[in-house]
Number of protein chains: 2
Amino acid sequence: MSQAAIAQIFKALGDPVRLQIVQRLSNGAALCLGELSKDLGISRQGARKQIQALVSAKVVQLHPTGREVKVQLDAATLAQSKAFITALEAQWDERLQALKQFTEQ
Amino acid sequence: MSQAAIAQIFKALGDPVRLQIVQRLSNGAALCLGELSKDLGISRQGARKQIQALVSAKVVQLHPTGREVKVQLDAATLAQSKAFITALEAQWDERLQALKQFTEQ
DNA sequence: CAAACATGCAACCAAACGGTTGCATTTTTT
DNA sequence: AAAAAATGCAACCGTTTGGTTGCATGTTTG
């Protein structure tokens with residue numbers, strides 16, 4: 001996992017509209033583009049652009065079926081972003097631990 | 001934790017330069033602005049802007065001491081972003097579980 | 001076949017972003 | 001007191017972003 005790829009995932013999650021889309025997808029079944037575009041306060045094409053950003057970051061996958069396109073969360077990508085933060089925290093804790101040992105000497 | 005605040009955290013992490021800064025801070029002790037600005041491939045003032053973005057998102061805290069300013073990771077904010085992803089995954093898994101039960105009937 | 005539906009494509013626009021340069025200010029060091 | 005170090009502030013600039021509108025295309029449904 002390159003630094004750039006991780007950054008792209010976070011960037012994709014770093015917008016209220018896209019975050020709402022992701023949350024809605026985690027709540028229930030895979031939704032098609034039209035359904036997902038509702039209640040976001042922006043136009044269908046506007047929503048489509050945001051969804052495309054999620055696709056580019058692989059946060060979400062598209063599955064065209066007939067005249068509609070289903071949108072599905074990519075659990076693996078979410079897991080990677082979580083793993084990144086976990087790794088940061090691990091280094092952080094390690095350092096705090098070392099600092100504690102040093103001050104206790 | 002508002003949706004907007006979470007989005008701001010992810011947005012702050014969604015840039016290669018800022019991600020590198022965060023990583024460097026997790027590796028070792030708190031660094032001052034000047035040190036942090038080195039080896040990023042951009043000017044000091046450019047780096048300063050990126051650090052300010054991290055401050056606004058509360059990913060990082062500033063501690064002025066004399067003529068220099070120390071930069072420190074905010075572990076609590078990182079924990080919140082991780083918690084958000086964990087919650088997403090939980091809902092996701094719950095749904096998969098429900099789906100499995102349904103198909104097994 | 002015609003109407004309705006779900007989507008795609010492209011041009012356009014204001015605002016935000018990522019970066020620069022130049023200069024002023026405060027704190028150390030010598 | 002003078003030089004050096006660390007930072008702040010502000011203007012500027014090209015590119016990206018987040019959104020719009022208008023219209024074309026493929027797919028169901030009646």
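Every chain is numbered from 1, with letters handed out A, B, ... down the list of sequences.
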Visitor: Starting at NZ of A/K49 and ending at P of D/dT20, how long is that distance when rounded to a whole Å?
Guide: 10 Å
Visitor: How close or far is atom P of C/dT21 from atom CD1 of B/I42, stated in whole angstroms?
Guide: 12 Å
Visitor: For DNA chain D, whose closest nucleotide is more 5', that of A/T65 or that of B/E68?
Guide: B/E68
Visitor: Rounded to whole angstroms, how far apart are CD on B/Q52 and P on D/dG8?
Guide: 9 Å
Visitor: In whole angstrom, give the distance that lies between atom CD of A/Q8 and atom P of D/dT16.
Guide: 14 Å
Visitor: Does the side chain of A/F84 reach to within under 4.5 Å of the side chain of B/L19, using non-hydrogen atoms?
Guide: yes
Visitor: Please lay out, stage by stage, how B/R18 and B/L13 fare under the test side-chain contact (heavy atoms from CB on, under 4.5 Å).
Guide: CA-CA 6 Å; B/R18 292 192 293 264; B/L13 295 176; over 6 Å; no
Visitor: Heavy-atom contacts under 4.0 Å between residues 10-18 of chain B and DNA chain D, which residues?
Guide: none
Visitor: Under 4.0 Å, heavy atoms only, any strand: does B/R48 hit a base, just the sugar-phosphate, or nothing?
Guide: sugar-phosphate
Visitor: Side-chain contact test, heavy atoms from C-beta onward, threshold under 4.5 Å: evaluate it for B/L40 versus B/R24 and give yes or no.
Guide: yes
Visitor: To the nearest 10 degrees, what angle separates the axes at the start and end of the helix from C/dC1-D/dG30 to C/dT30-D/dA1, five pairs each?
Guide: 30°
Visitor: Let's test your reading of the model: under 3.5 Å, does the base of D/dG8 pair with the side chain of B/R44 as donor and acceptor?
Guide: yes
Visitor: Take A/T86 and B/K82 through the test side-chain contact (heavy atoms from CB on, under 4.5 Å) and record every step on the way to the result.
Guide: CA-CA 7 Å; A/T86 302; B/K82 190 171 104 174; 3.5 Å; yes
Visitor: Between A/V60 and A/V55, does the side-chain contact (heavy atoms from CB on, under 4.5 Å) criterion hold? Intermediate values first, please.
Guide: CA-CA 5 Å; A/V60 126; A/V55 171; 3.7 Å; yes
Visitor: D/dA6 P sits how many Å from B/L62 CG, rounded?
Guide: 17 Å
Visitor: Find out whether B/K11 and A/D15 are in side-chain contact, i.e. whether some heavy atom of one side chain is under 4.5 Å from a heavy atom of the other.
Guide: no
Visitor: Should B/Q72 and B/L25 be marked as a side-chain contact (heavy atoms from CB on, under 4.5 Å) after you check the CA-CA gap, both sets of side-chain angles, and the distance that decides it?
Guide: CA-CA 7 Å; B/Q72 193 179 29; B/L25 285 174; over 6 Å; no
Visitor: Look at the side-chain N and O atoms of A/S43 and state whether any lies under 4.0 Å from the OP1 or OP2 oxygen of D/dG19.
Guide: no
Visitor: Starting at CG of B/L31 and ending at C1' of D/dT7, how long is that distance when rounded to a whole Å?
Guide: 16 Å
Visitor: Under 4.0 angstrom, heavy atoms only, what part of the nucleic acid is A/Q50 near: base, sugar-phosphate, or nothing?
Guide: sugar-phosphate
Visitor: What is the distance from CZ of A/R67 to C1' of C/dA4, rounded to the nearest Å?
Guide: 8 Å
Visitor: Just so I know, are the side chains of A/L33 and A/E68 near enough to count as touching, which here means a heavy-atom distance under 4.5 Å?
Guide: no
Visitor: If you go through the side-chain atoms of B/Q45, does one of them form a donor-acceptor pair with the base of C/dG22 closer than 3.5 Å?
Guide: yes
Visitor: At under 4.0 Å between heavy atoms, what does A/G46 touch on the DNA or RNA strands: base, sugar-phosphate, or nothing?
Guide: base
Visitor: Quick one: does A/L78's side chain get under 4.5 Å of A/D74's, heavy atoms only?
Guide: no
Visitor: Would you say the side chain of B/K58 lies within less than 4.5 Å of the side chain of B/Q80, judging by non-hydrogen atoms?
Guide: no
Visitor: Round to a whole Å and report the spacing from CG of A/L54 to P of D/dG18.
Guide: 11 Å
